[in-house]
Amino acid sequence: MGNVMRVADLPTPALVVNTPAITRNLDTMSAALPGARLRPHVKAHKCTALAREQATRGHVGFTCATPRELLGLADAGLTENLLLANESVADARLRAMADCGANVTVAVDSEATIDAAARNGINNVLIDVNVGIPRCGIPADEAGALADVARARGLTVLGTMGYEGHAVLVPDRAERTTLTDTSMATLERAHAAVGGNILSGGGTGTYDVNTTATEIQAGSYALMDTAYAKLGIPFELALAVVATVIHTNAKWSVADCGLKALGMDHGDPTIDDATVIFCSDEHVTFAPNTPVRVGDRVLVWPAHIDPTVAYHDAMHLADGPGVDASVIDRWAVDLRGWDPPT
Ligand SMILES: Cc1ncc(COP(=O)(O)O)c(C=O)c1O
């Protein structure tokens, strides 16, 4: 067994997945939202191997944030039902999606995005409705008229989409539910004017309180992060960055996992049995409760999974928690970047 690689043997910083934990997360979600009730968002993991795990559990429709993600899934043979839940006016990318051999739907929220979809051969659209987060999406009152414009351009309007991103991380479940209900009432109002069968919305934080959307676009639930872990939802932290201790002194220690290996917009990462002091480009400075030595490995838990994964080329699958676990597989983070696959 001399050549079994352990997590502690990986060059650092590196993404490590606790395989039993991710398996439990995938199974828990599949039991809660079986089949087409879940349209997993791949932006949270950018990994076709993980998307296949989701498809194996019956979720064959996927949500994408970028044309790159959608085209990568199509290349991997996951062609059944792909939604670009985002606006695009990029002719070449829309054309590539129309020609990729997958069943493709794109979100539109303006005449300009409808024009772009129609002139590049896209057939199916969802009208993206603003349900409370200041991002894309048309006001609900204007959604019906926009659907008419889309139909007049020859597009098939399959329904509406509205993402309650301002609700998903609200810690109090009752408050999260109220915000979600208000958002989904807005989406239903728009939907009554738009028509179609799909009301797409929801995320990891609202997967069980959003009972209006016909499909939930959750993504983070598979790998999780410390921000979502605070909600008390039944998903475990399954992804960490393994780092090497490169300095210690009487007051603090330093490991080689900084801003360039971590999504930081939800705050500092955490390290077990330690207090994180701050991160800089290639360093995390922390105060361990139990002394560490230069060369030791530590697991750094990110606060925001999506941008963390996007910094890395691969995830290393371990057969359990901790740095002594064995590495049993490697999944490429193959949906990164913006250019179509070559
Ligand atoms: C359009 C859309 N749907 C769904 C989600 C939910 O993703 P998650 O489950 O990671 O919260 C997001 C996340 O930002 C999103 O942008």
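In listed order, ligands and their atoms are each counted from 1. Below, all heavy atoms of this structure are taken into account, side chains as well, without hydrogens, waters or symmetry copies.
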Revision key, fill the gap. If you scan protein heavy atoms around atom 12 (C) of ligand 1, the nearest is Y163 CZ, 3.2 Å

Check your understanding: So which heavy atom in the protein is nearest atom 10 (O) of ligand 1, and how far is it from that ligand atom?
Key -> S220 OG, 2.4 Å

Check your understanding: Under 4.0 angstrom from ligand 1, any heavy atom of Y221?
Key -> no

Review point. Does G202 have a non-hydrogen atom less than 4.0 Å from ligand 1?
Key: yes

Enumerated ligand 1 atoms positioned under 4.0 Å from heavy atoms of [X]:
X	result
Q217	1 (C), 2 (C), 3 (N), 4 (C), 5 (C), 6 (C), 7 (O)
G203	6 (C), 9 (O)
A218	9 (O)
K43	12 (C), 13 (C), 14 (O), 15 (C), 16 (O)
Y228	8 (P), 11 (O)
T204	8 (P), 9 (O), 11 (O)

Check your understanding: Of the backbone atoms (N, CA, C, O) and the side-chain heavy atoms from C-beta on, which set of H41 has a member under 4.0 Å from an atom of ligand 1: side chain, backbone, both, or neither?
Key -> side chain

Check your understanding: Using heavy atoms and a threshold below 4.0 Å, how should the contact between R135 and ligand 1 be classified: side chain, backbone, both, or neither?
Key -> side chain

Does any N or O in the side chain of [X] come within less than 3.5 Å of the main-chain N or O of [Y], such that one atom is a donor and the other an acceptor?
X	Y	value
H283	D256	no
D109	G137	yes
R68	L335	no
T79	G101	no

Practice item. Grab the two heavy atoms, one from R151 and one from V194, that are nearest each other, plus how far apart they are. Key: NH1-O, 3.2 Å

**Study point:** H45 versus A51, closest heavy-atom pair with distance
**Key:** CE1-N, 3.8 Å

Practice item. Apply side-chain hydrogen bond (donor to acceptor under 3.5 Å, both in side chains) to the pair E164 and T206, showing each step before the final yes or no. Key: CA-CA 8 Å; E164 70 279 22; T206 57; 2.8 Å; yes

Exercise for review: Would you check whether M161 has a nitrogen or oxygen atom less than 3.5 angstrom from a nitrogen or oxygen atom of ligand 1?
Suggested key: no

Check your understanding: Would the Y207 and Y228 ring centres measure less than 6.0 Å apart?
Key -> no

**Study point:** Interatomic spacing from CG in L239 to CE in M315 - rounded to 0.5 Å
**Key:** 6.5 Å

